[in-house]
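Please read all numbers here as calculations on a predicted model, not as lab measurements. When a ligand or atom number is given, it counts from 1 through the structure's own listing order.
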Amino acid sequence: MQRAEKVLVGGVNSPVRAFASVGGQPLFISHASGPFIYDVDGNEYIDLVLSYGPMILGHGYPQVRKAVAAAVELGFSYGATAEKEIYLAELITGAFPTIDKIRFVNSGTEAVLSAIRLARAYTGRDKIIKFSGCYHGHMDALLVAAGSGLATLSLPASKGVPQAAVGNTLVAEYNNIDTVAELFSQHDDIAAVILEPVAGNMGVVVPTAEFLQGLAALAADHGALIIVDEVMTGFRAKFGGTQDLVGIKADITCLGKVIGGGFPVGAYGARAEIMDMVAPLGEVYQAGTLSGNPVAMAAGLATLTELQKQNPYQQFTGRTTSLAETMKAAADEAGIPVTVNAFGSMINPFFTAGEVTDFKSAQASDTRLFGKFFWQMIKNGVFLPPSQFESWFLSTALLEVEFERLEKIVYQSIINLKK
Ligand SMILES: *Cc1c(COP(=O)(O)O)cnc(C)c1O
């Protein structure tokens, strides 16, 4: 820890890993395998962090490992198109009715910033509506009311972001269509509305059908695009987009996490008419030395191929439904207020009695109690994201016996909060 803190900022390469909101020392990981992750002290944990989403097949899945090893034998990076970029793009466009063409990048952040540039170019307008509590990566313009990492550290926005960079960013409330309507009535130059189709960066928050229908109608009336940020949700609740399940049609979709199978991959895609504005066909410049990296493409392709074969989504929903019931039963018994939100393979409890439908209601959660719960779970062998405002993730690697163990641990950890 001391050596890490000397040479890495806060000892980490991404802020939430530092355990700032739950206290105590972060885990140092030696390796991970299947549903488990191991720290350097030799402790085994059921992993519900799963690298914040990507490891949907669990760690080191054999077919993915083989695909990566084979790709490495063929060289690491070419700076020219190779077959697997086409295959992965075909698989993704085939799974998303709203995507004809795609461009691969190296992270979710990069996917979003490119999508925003494209939406501005397409509409000839500058303003963007985002929702408080939604996180879209760390590009300047969207570091406003941005959920998990920032919520955890109680930073309203980031230093070093010039006022001019957020001057075209408008913030509305999730699940509150009136706040969106108001912004559209005040501004006639809105290029796009960006949203997570199920929010996962203020904890899990599911949109209502009325909210999404209202959003679609407003965007259509005002000639604004809808950017659906599926970096977290893509391939997590069905093979394809969560946009299909909740009922919102993306003009531009952002992807990341699962599509790289644990390697640095992001992507943005849209109908051809929009994507053809990107260079070299169009005048929207966007490039990347390592974009479409062959080793990362091999990992993504093997991951999605296996997911399509396994079709684990019904099992995911069954398990998150069951986990939610277990947590509510334990909370009732312990006399602790808990609200559980879940969607597909995403779930988390909020330590509050009220419904959680937006960032404000998420923030009503008792984060100190979450910290205690987090350490109970660690003690009992479960690694959770170290923040109230992060989703937990399920993987296909968790066997039935391990899932039953997880349920018992979750139950007992909530009961133990009473003492
Ligand atoms: C993780 C995430 C991002 C950012 O992706 P990075 O790969 O971390 O840059 C963007 N949007 C959403 C919804 C995310 O969950």
Side-chain angles (χ1 to χ4, degrees), residues 12-18 48-56 103-117 119 128-152 158 169 174 192-207 226-237 241-243 245-246 248 250 252-269 286 288 290-293 296 299-300 303 341 343-348 359 362 385-387 389-393:
V12 294
N13 276 307
S14 196
V16 78
R17 298 178 194 169
L48 301 186
V49 180
L50 295 171
S51 189
Y52 293 87
M55 309 315 305
I56 195 166
R103 167 65 60 82
F104 288 112
V105 293
N106 305 291
S107 70
T109 295
E110 216 184 318
V112 171
L113 78 85
S114 308
I116 300 272
R117 182 179 303 147
I128 303 291
I129 295 179
K130 83 171 286 282
F131 294 95
S132 82
C134 282
Y135 176 68
H136 303 292
H138 65 90
M139 74 175 285
D140 279 1
L142 296 181
L143 275 185
V144 196
S148 56
L150 294 158
T152 296
S158 170
T169 308
Y174 205 77
V193 182
I194 184 167
L195 79 157
E196 297 178 66
V198 164
N201 286 288
M202 48 179 147
V204 177
V205 175
V206 183
I226 292 182
I227 302 175
V228 180
D229 182 351
E230 299 241 24
V231 171
M232 182 183 289
T233 55
F235 297 93
R236 270 243 152 243
T242 292
Q243 56 188 270
L245 296 176
V246 296
I248 182 90
I252 307 177
T253 298
C254 302
L255 291 163
K257 295 186 174 131
V258 168
I259 65 160
F263 285 75
V265 179
Y268 61 105
Q286 186 276 307
L290 294 176
S291 295
N293 173 269
T303 298
N341 284 358
F343 196 91
S345 53
M346 293 162 56
I347 183 169
N348 75 283
F359 192 37
S387 163
F389 305 106
E390 295 281 355
S391 170
W392 311 352
F393 300 103

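Using a heavy-atom distance under 4.0 Å as the criterion, the protein contacts of ligand 1 are S107, G108, T109, Y135, H136, G137, E196, N201, D229, V231, M232, K257.
Not a single ring-ring contact (aromatic ring centres under 6.0 Å, His included) links Y268 to another residue, sequence neighbours left out. Residues meeting the side chain to side chain contact (heavy atoms under 4.5 Å, CB included) test with V206, sequence neighbours left out: V198, V204, F343. Residues passing the side chain to side chain contact (heavy atoms under 4.5 Å, CB included) test with V231, sequence neighbours excluded: D229, C254, K257.
Proximity of I248 to I226: side-chain heavy atoms (C-beta onward) are separated by under 4.5 Å at one or more points. The shortest side-chain heavy-atom distance between F263 and N293 does not fall under the 4.5 Å cut-off.
With rounding to the nearest 0.5 angstrom, the CZ atom of R236 is 10.0 Å from the OG1 atom of T242.
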